[in-house]
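First comes the structure, then the notes that go with it.
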Amino acid sequence: MNPWTEKKTIIITCPKGIAPWLAEEVIALGFPILAEGEAAVETTGTLVDTMRLNLHIRTGHRVLYLLSAFEAENPDGLYAGFRKIAWEGLLHESGAHAYLCVTSTVETPTIKDGRFVNLKAKDAIVDRLAECCGIRPDSGPDRDRAVVHVYWKGSEVRVYLDASGEPLSRRGYRKIPLAAPMQETLAAAIILATGWNGGTSFVNPMCGSGTLAIEAALLAAGRAPGLLRSNYGFAHWKGCDPAAWQKIRAAAHGEKKETAARIIATDINPNAVVAARQNARTAGVENLIEFAVCPFAETPVPERGGVVVLNPPYGERTGEVSRLIGLYREIGDFFKQKCGGCRGYIFTGNMALGKQVGLRTKRRIPFYNSGIECRLLEYELYEGTRRKEADHGREEGGATRPAIQIVWYPPPRGPR
């Protein structure tokens with residue numbers, strides 16, 4: 001078979017809970033949905049099609065092309081099945097591309113350690129290449145070149161070409177991540193879950209390293225998230241046509257669109273804003289984002305109908321939760337006082353803290369963040385929830401808040 005021209009099953013993996021939005025992306029790109037799981041979507045296409053999927057998918061982690069499937073009851077059966085595959089027509093046995101990484105997902109009672117499966121499959125591949133070509137390529141854990149993925153459940157073995165290599169969440173723009181940054185694919189899924197498409201303002205207080213704002217800018221401008229990255233797994237398989245890849249990239253560059261959406265990102269930490277601004281510059285969207293150093297409650301919300309998204313801490317360490325109760329209550333006050341007519345969102349992994357916001361949720365959308373079960377809480381905020389200006393300027397007990405100066409960084413001049 002020739003994977004560059006033959007259509008086979010393609011699996012696109014994603015973080016748990018994100019599959020519905022990944023499926024919408026796949027359909028929008030013109031691919032059918034054959035199946036949808038908790039953390040993956042199944043479609044069909046050629047290895048050439050994986051180029052476009054890798055370039056455009058915002059919420060997926062890996063694009064896997066099904067190469068072969070066979071039955072194996074034990075490691076010897078796995079080895080024999082791998083030896084039958086014509087790896088000499090797929091893998092480079094010498095030169096810069098001659099490197100192999102094998103990964104696996106194993107659910108079979110005969111295997112206790114997936115690393116043994118990786119080793120057995122790798123041995124079969126390089127033994128076949130040595131027999132056919134007289135050379136054994138290097139192998140190891142690095143996923144920056146050819147990657148083979150083994151899925152072994154019961155007696156069924158599926159062999160995939162990992163067309164992504166490194167996960168698609170590694171866009172290439174986050175040079176300064178700060179502590180506990182949100183993964184790019186998760187940020188994109190959160191934005192898609194809000195239904196925001198660039199037609200109104202997008203406001204992101206507590207922006208941290210800027211991932212949510214940057215993903216919003218990429219979406220609003222119609223920029224394929226994979227354009228920032230130069231290396232993918234498919235480029236290291238025999239038969240890859242660099243001209244075809246350049247044509248697909250050129251088409252993606254031509255799909256960019258103008259946007260008038262105001263995207264505002266603020267943080268009380270000046271270092272966070274510096275990092276977010278630098279990351280946005282690397283992503284090529286600095287001119288689309290307005291940055292400010294200020295407390296989240298002082299973030300300007302420009303218009304009715306916009307989206308306001310916060311990702312506050314949710315107390316992963318012992319003793320933190322009690323200190324965060326006041327913060328979540330203040331977020332509720334911010335929504336009521338400043339965000340009337342907008343849709344407000346809080347992404348949190350602590351529903352007990354979410355209840356401290358003091359507002360009724362319209363939706364509670366489940367997500368997972370590094371194995372932590374989270375919710376995207378949606379609030380429909382009405383104009384009538386604003387408090388009187390006299391109350392806005394006072395703390396509980398009647399003490400007046402001191403004035404807070406906002407340090408504002410408008411986007412550079414130039415076409416939006």
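Quick note: numbers below take in every heavy atom, side chains included, and nothing from hydrogens, waters or symmetry partners.
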| task | For the pair Lys336 and Asp333, find out whether any cationic side-chain nitrogen is under 4.0 Å from an anionic carboxylate oxygen. | result | yes

| By side-chain contact (heavy atoms from CB on, under 4.5 Å) - contacts of Asn269 (at least two apart) | Asp267, Asn271, Ala272

| field | Check: Phe347 and Cys374 side chains under 4.5 Å, non-hydrogen atoms | value | yes

| Can you name the residues that form a side chain to side chain donor-acceptor pair (under 3.5 Å) with Arg143, not counting sequence neighbours? | none

| Glu6 side chain to Tyr65 side chain, donor-acceptor N/O pair below 3.5 angstrom | no

Using a 3.5 Å cut-off and no angle test, enumerate the donor-acceptor pairs between side-chain atoms of residues 15-29 and protein atoms at least two apart in sequence or in another chain.
from	atom 1	to	atom 2	distance (Å)
Glu25	OE1	Arg58	N	2.8
Glu25	OE2	Arg58	N	3.3
Glu25	OE2	Thr59	N	2.9
Glu25	OE2	Thr59	OG1	2.5

| request: Report the residues that fulfil ring-ring contact (aromatic ring centres under 6.0 Å, His included) with His236, sequence neighbours left out, ordered by chain and then residue number. | output: His97

| message | If the condition is ring-ring contact (aromatic ring centres under 6.0 Å, His included), which residues does His56 pass it with, not counting sequence neighbours? | response | none

| said: Under a 4.0 Å threshold between the charged nitrogen and the carboxylate oxygen, would Glu380 count as salt-bridged to Lys362? | reply: yes

| said: Just to verify, what does Phe296 make a ring-ring contact (aromatic ring centres under 6.0 Å, His included) with, not counting sequence neighbours? | reply: Phe334

| field | Distance-only side-chain donor-acceptor flag, Arg343 / Thr194, under 3.5 Å | value | no

| note | Contacts of Thr348 meeting side chain to side chain donor-acceptor pair (under 3.5 Å) (sequence neighbours excluded), chain-then-number -> Tyr328

| Taking only residues two or more places apart in sequence, or in another chain, which ones meet Tyr151 in a ring-ring contact (aromatic ring centres under 6.0 Å, His included)? | none

| Under the side chain to side chain donor-acceptor pair (under 3.5 Å) test, residues paired with Ser164 that sit two or more places apart | Asn54

| Who passes side-chain contact (heavy atoms from CB on, under 4.5 Å) against Gln246, sequence neighbours left out? | Arg249

| task | Could you list all the salt bridge (Lys or Arg N to Asp or Glu O under 4.0 Å) pairs where at least one residue sits in residues 144-155, not counting sequence neighbours? | result | none

| said: Strictly by salt bridge (Lys or Arg N to Asp or Glu O under 4.0 Å), give each pair with a member in residues 98-121 just once, sequence neighbours left out. | reply: Asp76-Lys120, Asp113-Arg115

| note | side chain to side chain donor-acceptor pair (under 3.5 Å) with Arg62: of Thr13, Asp162, Thr103, only one passes, and it is Asp162

| So, Glu71 versus Ser155: side-chain donor-acceptor pair below 3.5 Å or not? | yes

